[in-house]
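Working notes, beginning with the structure itself.
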Number of protein chains: 2
Amino acid sequence: MTETSSYPTRGSAASGRIGIGLELDSTHFKILEVLRENGRISVSALAERVGISRANAYTRFEALRADGAIKGFTAEIDHVRAGLGITALIFVTVRQQMWRQFRAQLAQMPEVEYCAITTGQHDAMIQVRMADVAAVHSLVTERLASIPAVKATETVFILDEVIKRPYILPTDRRPAPRRPAPEASGDGVPLGKMRFEGVSESRAGLQRDKG
Amino acid sequence: MTETSSYPTRGSAASGRIGIGLELDSTHFKILEVLRENGRISVSALAERVGISRANAYTRFEALRADGAIKGFTAEIDHVRAGLGITALIFVTVRQQMWRQFRAQLAQMPEVEYCAITTGQHDAMIQVRMADVAAVHSLVTERLASIPAVKATETVFILDEVIKRPYILPTDRRPAPRRPAPEASGDGVPLGKMRFEGVSESRAGLQRDKG
DNA sequence: GTTGAAATTAGTACGAA
DNA sequence: TTCGTACTAATTTCAAC
């Protein structure tokens with residue numbers, strides 16, 4: 001298992017050229033689309049579906065792997081069938097200057113499927129999968145709460161996973177493009193100018209004044 | 001691509017027997033562990049790594065697929081390299097009795113990687129990947145806000161993805177089991193008795209009463 | 001559930017366009 | 001770069017144990 005975890009310093013453009021790596025053309029994206037749906041497809045069949053020669057498919061396949069655009073291949077496992085039927089989100093407030101410890105402790109917790117550092121009210125969001133709600137309770141109160149770096153937590157349960165598309169691509173286009181194109185690619189909008197949070201409680205008329 | 005998306009009515013036990021499906025033994029879990037790390041491994045190599053015969057590996061492999069424990073195989077794609085370097089979480093408050101519409105509209109949005117219905121303050125959490133923050137802004141204010149089912153939204157950006165383990169298993173055990181075993185498997189704890197929110201702090205008002 | 005052999009397919013290495 | 005072919009190695013399938 002070779003891990004390519006060093007990202008380029010900058011990633012800017014939205015089409016093709018990303019940082020220092022490979023320049024992805026439409027054929028690369030086609031390959032990614034196929035492999036995303038069927039990660040075990042043979043390169044021969046892949047070549048056929050994409051419409052290129054086998055040799056070319058092998059070359060591009062290797063290039064995508066070497067570049068890191070494809071990080072690996074995995075089986076999609078049904079969590080319920082595997083015995084982990086309960087999913088919860090835990091929003092964590094982390095004590096400043098204890099991030100390293102927080103990360104280290106998290107790494108020790110295999111039931112954590114996902115952890116992201118976020119802006120906003122909390123500092124991190126953790127997603128866990130467990131056998132039952134009691135196990136979640138136990139994890140939060142006994143293991144998470146005992147980490148000094150954890151100042152506070154807030155847990156919610158996931159009742160249903162409506163959409164789960166592990167690896168989306170910029171080439172995914174929506175089924176029914178009713179409007180021509182919103183032309184919303186202004187690229188100089190600073191974060192400070194955005195009014196996302198608190199949009200709900202003030203009902204800032206943002207979502208059209210029907211309140 | 002055969003899809004087995006009908007779950008059994010009940011999923012109870014934590015080890016082995018899940019609902020009506022296949023009974024998973026330790027060998028099945030070993031297979032899942034290998035395939036999770038290398039989804040393109042040959043069944044022969046899989047058999048070798050698990051320590052069973054080829055024929056047995058083929059049988060179990062097929063059984064896991066047929067049962068739905070393995071839903072499919074996918075390539076792990078680097079979002080940054082693919083041109084979707086910005087990740088955001090959008091917490092949505094949905095108008096009651098408009099869930100169907102909400103789901104239908106979401107299905108039309110390919111940039112949505114994940115959407116879950118949750119308990120707690122909001123009704124749903126959406127994760128999106130986009131090229132830049134402006135695109136997120138545009139999505140939230142123009143497309144999400146225009147859905148009548150959406151009453152309010154709150155957006156946060158993901159600054160770093162600390163952990164990303166797509167498919168965890170109950171057999172994952174933590175690296176260093178310092179303590180003997182917390183013995184935390186009380187199974188009759190009702191949800192009402194759980195005090196998750198603000199659990200770790202006396203001044204837990206931090207995250208709630210800021211309105 | 002296991003082993004071994006045949007048939008098929010996958011992966012590699014070339015030269016040519 | 002990409003394609004097409006030939007060559008080698010591996011995998012899958014199928015048989016008997």
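As the structure is a prediction and not an experimental result, all values here were calculated from the model. Below, read A as the first sequence line, B as the second, and so on, with proteins coming before strands; counting in each chain starts at 1.
Taking atom CG of A:L46 as the reference point, atom P of D:dC3 lies 13 Å away to the nearest angstrom. Rounded to whole Å, atom P of D:dT13 lies 9 Å from atom CD of B:E62. A:E23 has its CD atom 14 Å from the C1' atom of D:dT1, to the nearest Å. In this structure, A:R60 atom CZ and D:dT1 atom C1' are separated by 9 Å, rounded to whole Å.
Checking the phosphate oxygens (OP1, OP2) of C:dT12, no side-chain nitrogen or oxygen of A:Y58 falls inside 4.0 Å. Dashed line: the shortest gap from a side-chain N or O of B:S44 to OP1 or OP2 of D:dT12 is under 4.0 Å.
Comparing B:R40 and B:N56 by the nucleotide of DNA chain C that holds the closest heavy atom to each, the one mapping nearer the 5' end is B:N56. Positionally, the nearest nucleotide of DNA chain D for A:R54 lies more toward the 5' end than for the other of A:R54 and B:I41. Of the two residues near DNA chain D, A:T59 and B:A45, the one whose nearest nucleotide lies more 5' is A:T59.
Side-chain atoms of B:R129 do not come within 3.5 Å of backbone N or O of B:E111 as any donor-acceptor pair.
Between A:T155 and A:F91 the shortest side-chain heavy-atom distance does not fall below 4.5 Å.
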Discussion item. Set out, in order, the CA-CA distance, both residues' side-chain angles and the distance that settles side chain to side chain donor-acceptor pair (under 3.5 Å) for A:Q127 and A:T87, then state yes or no.
Written reply: CA-CA 7 Å; A:Q127 185 182 34; A:T87 306; 5.4 Å; no
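Comparing D:dA6, C:dG4, D:dT11 against the side chain of B:S42 picks out D:dT11 as the nearest. Taking the side chain of A:V43 as heavy atoms from C-beta on, and the options C:dT2, C:dG11, D:dC3, the nearest nucleotide is C:dG11. Comparing C:dT12, C:dG4, D:dC3 by their nearest atom to the side chain of A:I52 picks out D:dC3.
Taking a cutoff of 4.0 Å between a charged side-chain nitrogen and a carboxylate oxygen, A:D123 and A:R95 do not qualify as a salt bridge.
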